[in-house]
Asks: 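My structure is below; once you've seen it, I'll send some questions.
Counting starts at 1 for both ligands and their atoms, following the listed order. Residue numbers count from 1 along this sequence. The basis for the numbers below is simple: all heavy atoms, side chains too, and nothing from hydrogens, waters or symmetry mates. Predicted, not measured: the structure shown is a model, and the values here were computed from it.
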Amino acid sequence: MITPQGIVCSKAIVSAGDPVLRNPAAPVGPELFGTRELRALVEEMVAAMRAAPGVGLAAPQLGVGLRVIVLEDSSERMSHLSAQEKAERARAEVPLTAIINPVLRPQMSEGQPGEIYFEGCLSVPGYTALVPRVHTVEVDGLSLEGEELHLRASGWPARILQHECDHLDGVLYVDRMLSRSLCTTEQARTRWSGRSLSELAAAFRLR
Ligand code: ZN
């Protein structure tokens, strides 16, 4: 929430059903760059992302309708994955990054590893589904201080960027998922961990 007193974060991650997750978020205005308020918002987002734990978070998930995302993934977080799973997700480490007013440009690419994989959302707890994503994206944005940022990412980091930028437009992964693949995270862990994408497609009878 943005008030005359500053930015007020939710104490907990907002879950699906709250309109803040469906409304387009507003760009961060020039007056906020380099301020304590914006830095505090990003610190709250990073803390909430790490506590969950998750690999990305958008400001609307803390009830703040501003175009701010954070992402981070580490080798420890993916240590439970087999080499095949890492390859199929095209999973790679992502250093802690905060992007203000990101503009995402999908790059054309088809048939690359990681284009369809399980995805979940801290605002839709307990579920996961296969979501098709573009393999490579470019993102332009600004740092906390208002400096220009340019990123090019492929595979897993590109998936995180697409997921978080969607949040800023009021879009959730459930809007893009292959709905027949929707599972509880528990079912996905016990049944589908270590299975190949073609096995999953057959099991879910994806067309
Ligand atoms: Zn999400």
Asks: Using 4.0 Å as the upper bound for N to carboxylate O, is an ion pair formed by Asp140 and Arg152?
Replies: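 Answer for the salt bridge query: no.
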
Asks: Could you tell me the separation between the CD1 atom of Ile7 and the CZ atom of Arg36, rounded to the nearest 0.5 Å?
Replies: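 Rounded to the nearest 0.5 Å, the CD1-CZ separation comes out at 12.0 Å.
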
Asks: So if I apply the side-chain hydrogen bond (donor to acceptor under 3.5 Å, both in side chains) rule between Arg159 and each of Glu115, His135, Glu119, which one comes out positive?
Replies: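 With Arg159 as partner, side-chain hydrogen bond (donor to acceptor under 3.5 Å, both in side chains) holds for just one option, Glu119.
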
Asks: Show your reasoning for whether side chain to side chain contact (heavy atoms under 4.5 Å, CB included) applies to Cys165 and Ile69.
Replies: CA-CA 7 Å; Cys165 287; Ile69 63 170; 4.1 Å; yes

Asks: Which protein N, O or S atoms lie under 2.8 Å from the Zn ion (ligand 1), given by chain and residue number?
Replies: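 N, O, S partners closer than 2.8 Å: Cys121 SG, His163 NE2, His167 NE2.
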
Asks: Hey, is CZ on Arg105 packed in by over 12 heavy atoms from elsewhere, all under 6.0 Å?
Replies: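 Count over threshold, so yes.
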
Asks: Can you list the residues that meet the side chain to side chain contact (heavy atoms under 4.5 Å, CB included) rule with Asp169, with sequence neighbours excluded?
Replies: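 Residues passing side chain to side chain contact (heavy atoms under 4.5 Å, CB included) with Asp169: Arg67, Val171.
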
